[in-house]
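The chains referred to below are lettered A, B, ... by the order of the sequence lines, with proteins before strands, and numbering in each begins at 1. Atoms considered below: every heavy atom in the structure, side chains included; atoms not considered: hydrogens, waters and symmetry mates.
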2 protein chains.
Amino acid sequence: MKKQSYRPDIVSVATLAGVSAATVSRALNHPELVQPTTRKKVDQAIRKLGYIRNRAAQTIHGRRSATIGLVVPSVSDAIFAELVQAFNDTVSESGFTLLLASHRYDLDMEYALVRKLLEHRVDALAMIGLDHRPDTYRVLREQEVPVAAIWNYQPDSQISCIGIDNAEAGRRAAEHLLMLGHRRIATIFPETRDNDRARARRLAAMGSISATGVALREEWQLQTPYNIAQSKRSCIELLTRAERPTALLCGNDVIAQGAIYAALHLGLSVPRDISIIGIGDFDGSAELEPPLTTVRIPASRIGAAAARHLITVIDSDGQDQLVRTRFDCELIMRSTTTART
Amino acid sequence: MKKQSYRPDIVSVATLAGVSAATVSRALNHPELVQPTTRKKVDQAIRKLGYIRNRAAQTIHGRRSATIGLVVPSVSDAIFAELVQAFNDTVSESGFTLLLASHRYDLDMEYALVRKLLEHRVDALAMIGLDHRPDTYRVLREQEVPVAAIWNYQPDSQISCIGIDNAEAGRRAAEHLLMLGHRRIATIFPETRDNDRARARRLAAMGSISATGVALREEWQLQTPYNIAQSKRSCIELLTRAERPTALLCGNDVIAQGAIYAALHLGLSVPRDISIIGIGDFDGSAELEPPLTTVRIPASRIGAAAARHLITVIDSDGQDQLVRTRFDCELIMRSTTTART
DNA sequence: AATAGCCTTGCAAATGTTTTCATAAATCTG
DNA sequence: CAGATTTATGAAAACATTTGCAAGGCTATT
């Protein structure tokens, strides 16, 4: 009564078709090398047996694994959803399969996940940002697997990177508020340790503000995870204090969304009572009420570009030349910011 | 000048450690079978060479591939984000790696993706819903790979399923509106061909409404994809007509979110001018302003349960007994619905 | 002290493919 | 039509690992 199921292999196909295994392999991988009539026989045998070729076997032979790994902090946090989708679509179009892993902003776990993906012999690997453990960098170097950092552009990166200049994004957001005359500005960012994207944005934003001679009040620099509920809670707390800022600079659109809801919840009018700016321009940010003013990060384009880059490197037999691609981030003025009255 | 990089294999580790390859393999896979001192030597050699074992080779030997496939319509659509996250977390905790594929509601493409995952010899595979091509069902049966349908519960399913009764969800939503006295009810659902979740919800909702003797007006049964922007647009159109419904029953929370924004945009008060109910209770639905009344689908629990089920089947050596797990869906009353005045 | 049993390790076969090399058949060239 | 070239196919080695079997060394039992 044992599970006897015999999964047909290439030789059973070959036998049925009356040819050798080599011919079947060729019919599959280099169809132009085998005669049409033979090809037909092989196809029929494959169909008849329900043969599905074993990628592991070709991987082991030294051929491609036809997989690409992607390591992100989180899949569900909406920040990366669009990116993962675009990356996956591009990779999939070229016949690759995506190995996905998420580490919840824990870089030690990231190292473990990268190792796991390398065990599977991914043909290339992408990670978010450039903050990684030295061990992670080392193992990637040793294994000589094509690798790319997605989401930020850094002129001095050790590895290829495809993304935006996060400092610029932070600066853009800050300058917009300053330009509108705001001086009482609060910032809300997530924990910036191990998160170079948030860190760069925050530093640049605060730098811009200070540079104009505006004082940054300690108690207005909030910290909250990328999460609507928590952001809303923090903002409600902030906005019910005796002294209120006139503008909120949010680390990303999710936080900004929470901020809008907080204001609405308190009966404050956005942007009349409080201006709010986000960073990201996520799917849906344009439809919020009021529509969110934000700094656009072209997530889909970045994801697709990163995937294309890695595929190119794979196709050129792993000559992993360092490439740095910088996407522009653009201020999208909608309705959540207005001049200080 | 060729890429000479020699990735260390198990025999180079064995040589360095002064043992045989078999011992290295055992030290890795069955540490209790090898003496502590030998194990230590092996560990050192592994460390020294930076050896990373090749999963493809063990896959080929007939052992597990240590991968699980997940096929979803979309990663970015927020409907599945939470699910993918939970599924991935659970799978990852047990040492498996996730192979992800998305087909954008195209079931022919789904078939191709399933085949691709089978080529990689995933140890198990999960898909969304029970609407699949006959070919898909056939190939899964032939390959005898453990498989589960996530998201809906169906007592007569061909394969294991873990999810909710979507008809119940639709009914719950409809009954809530009816109970509040609404008679002028509009529904907004996505295309229901090839989407059994939406179809069951919609049919049950409309059934409940008709059963109470309430007429369903043709022109109030809208169709829109799961997308905030499109939903908002459709709802704006609906709500600016001469005759307006008093309640909107939305296929899921994303559509409902678009509906809320549409109402807000038109200066209508929710729920005073129009009641809105969603289905799903996605992340963030509780924080919307006003907080969304909806029928909760426990996405994280479903995803984790599905993953656990598949892992159990794998561990029990592929005895894929048919299991059907039904999660309850629960009406979450928040603030977007009120009694018809 | 001899035998039985266990623990640890090594040898070699097996896994499913791809690819190099060789060979046979077919086509071309003069 | 003979020799040269091209084309189609097969045989076998190689890839990195796991595991059944066997053997050697050790401990325990009588």
Side-chain angles (χ1 to χ4, degrees), chain A residues 3 5-43 45-46 49-67 118-123 143 317, chain B residues 3-43 45-46 49-67 116 118-123 143 317:
Chain A
K3 216 185 121 189
S5 76
Y6 197 56
R7 281 211 192 122
D9 62 1
I10 204 171
V11 322
S12 37
V13 172
T15 313
L16 179 62
V19 299
S20 75
T23 304
V24 177
S25 172
R26 273 188 284 258
L28 248 34
N29 300 300
H30 313 283
E32 73 283 0
L33 291 183
V34 17
Q35 222 168 10
T37 66
T38 327
R39 205 160 36 194
K40 195 155 290 175
K41 279 191 294 179
V42 171
D43 282 350
I46 289 178
L49 292 173
Y51 169 70
I52 294 195
R53 76 174 179 290
N54 190 335
R55 289 279 188 186
Q58 52 184 37
T59 302
I60 227 219
H61 191 79
R63 234 170 170 271
R64 314 257 174 77
S65 68
T67 59
L118 291 174
E119 288 186 358
H120 288 286
R121 294 295 186 267
V122 288
D123 295 326
Q143 296 293 309
D317 258 333
Chain B
K3 214 185 124 192
Q4 241 312 5
S5 77
Y6 197 54
R7 282 208 194 127
D9 63 2
I10 204 170
V11 323
S12 38
V13 172
T15 314
L16 180 61
V19 299
S20 75
T23 305
V24 177
S25 171
R26 274 188 282 257
L28 247 34
N29 300 300
H30 314 281
E32 73 282 1
L33 291 183
V34 16
Q35 224 170 8
T37 65
T38 326
R39 202 160 37 192
K40 195 155 290 173
K41 280 191 295 181
V42 170
D43 281 350
I46 289 178
L49 291 174
Y51 169 70
I52 293 193
R53 76 172 178 290
N54 189 334
R55 290 278 189 186
Q58 53 183 38
T59 302
I60 227 218
H61 191 79
R63 238 172 168 267
R64 314 257 174 75
S65 68
T67 58
K116 205 165 71 164
L118 291 174
E119 289 185 356
H120 288 285
R121 295 295 187 266
V122 288
D123 294 326
Q143 296 292 309
D317 255 337

Working for side chain to side chain contact (heavy atoms under 4.5 Å, CB included), residues B:His120 and A:Thr67 | CA-CA 9 Å; B:His120 288 285; A:Thr67 59; 3.4 Å; yes
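- Distance, B:Asp9 CG to D:dA14 P: 14 Å, rounded to whole Å.
- Scanning all heavy atoms of the two residues, the minimum distance from B:Ala21 to B:Val11 falls at CB-CG1, 4.4 Å.
- Rounded to a whole Å, the CG atom of B:Leu28 is 7 Å from the P atom of D:dT18.
- Within residues 50-58 of chain B, no residue approaches DNA chain C, by heavy-atom distance under 4.0 Å.
- Of the residues in residues 34-41 of chain B, those placing a heavy atom less than 4.0 Å from an atom of DNA chain C are B:Val34, B:Gln35, B:Thr38, in numerical order.
- A pairwise comparison of heavy atoms in A:Ala45 and A:Val13 identifies CB-O, 3.7 Å as the closest pair.
- Rounding to whole angstrom units, CZ of residue A:Arg64 and P of C:dT19 are separated by 10 Å.
- The two residues A:Asn29 and A:Gln58 make their nearest non-hydrogen contact at OD1-OE1, 4.2 Å.
- In this structure, A:Ile10 places its CD1 atom 11 Å from P of C:dT19, rounding to the nearest Å.
- Of the candidates C:dT17, D:dC15, D:dT18, D:dC15 carries the atom nearest the A:Ile60 side chain, counting heavy atoms from C-beta on.
- At whole-Å resolution of the value, CZ in B:Arg7 and C1' in D:dT17 are 16 Å apart.
- Taking the side chain of B:Ala22 as heavy atoms from C-beta on, and the options C:dC11, C:dT19, D:dT17, the nearest nucleotide is C:dC11.
- Contact detail for B:Asp123 and B:Ala66: the closest heavy-atom pair is OD2-N, 2.7 Å.
- Using a 4.0 Å heavy-atom distance criterion, B:Val24 is classed as making no nucleic acid contact.
- The shortest heavy-atom contact between B:Arg121 and B:Ser65 is O-OG, 2.7 Å.
- In the model, A:Ser12 has no side-chain atom that pairs as donor or acceptor with a side-chain atom of A:Thr15 under 3.5 Å.
- When distances run from any side-chain atom of B:Ser20 to the nucleotides C:dT18, C:dG10, D:dT18, the shortest one goes to C:dG10.
- Nearest to the side-chain atoms of B:Thr23 among the listed nucleotides C:dA14, C:dT19, C:dG10 stands C:dG10.
- Under 4.0 angstrom from either OP1 or OP2 of C:dT17 there lies no side-chain N or O belonging to A:Ser25.
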Please step through side chain to side chain contact (heavy atoms under 4.5 Å, CB included) for the pair A:Val19 and A:Val24, ending with a clear verdict.
-> CA-CA 7 Å; A:Val19 299; A:Val24 177; 3.9 Å; yes
Just do the side chain to side chain contact (heavy atoms under 4.5 Å, CB included) check on B:Tyr51 and B:Leu28 with the steps written out, would you?
-> CA-CA 12 Å; B:Tyr51 169 70; B:Leu28 247 34; 3.9 Å; yes
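- Both B:His61 and B:Val19 lie near DNA chain C, and the one whose nearest nucleotide falls closer to the 5' end is B:Val19.
- Taking atom CG of residue A:Leu33 and atom P of nucleotide D:dG10, one finds them 14 Å apart after rounding to whole Å.
- Rounded to whole angstrom, the span from the CZ atom of A:Arg26 across to the C1' atom of C:dT19 amounts to 8 Å.
- Between B:Leu33 and B:Arg26, the shortest heavy-atom contact is CD1-CD, 4.2 Å.
- Residue A:His30 contributes atom NE2, which lies 12 Å from atom C1' of C:dT17 at whole-angstrom precision.
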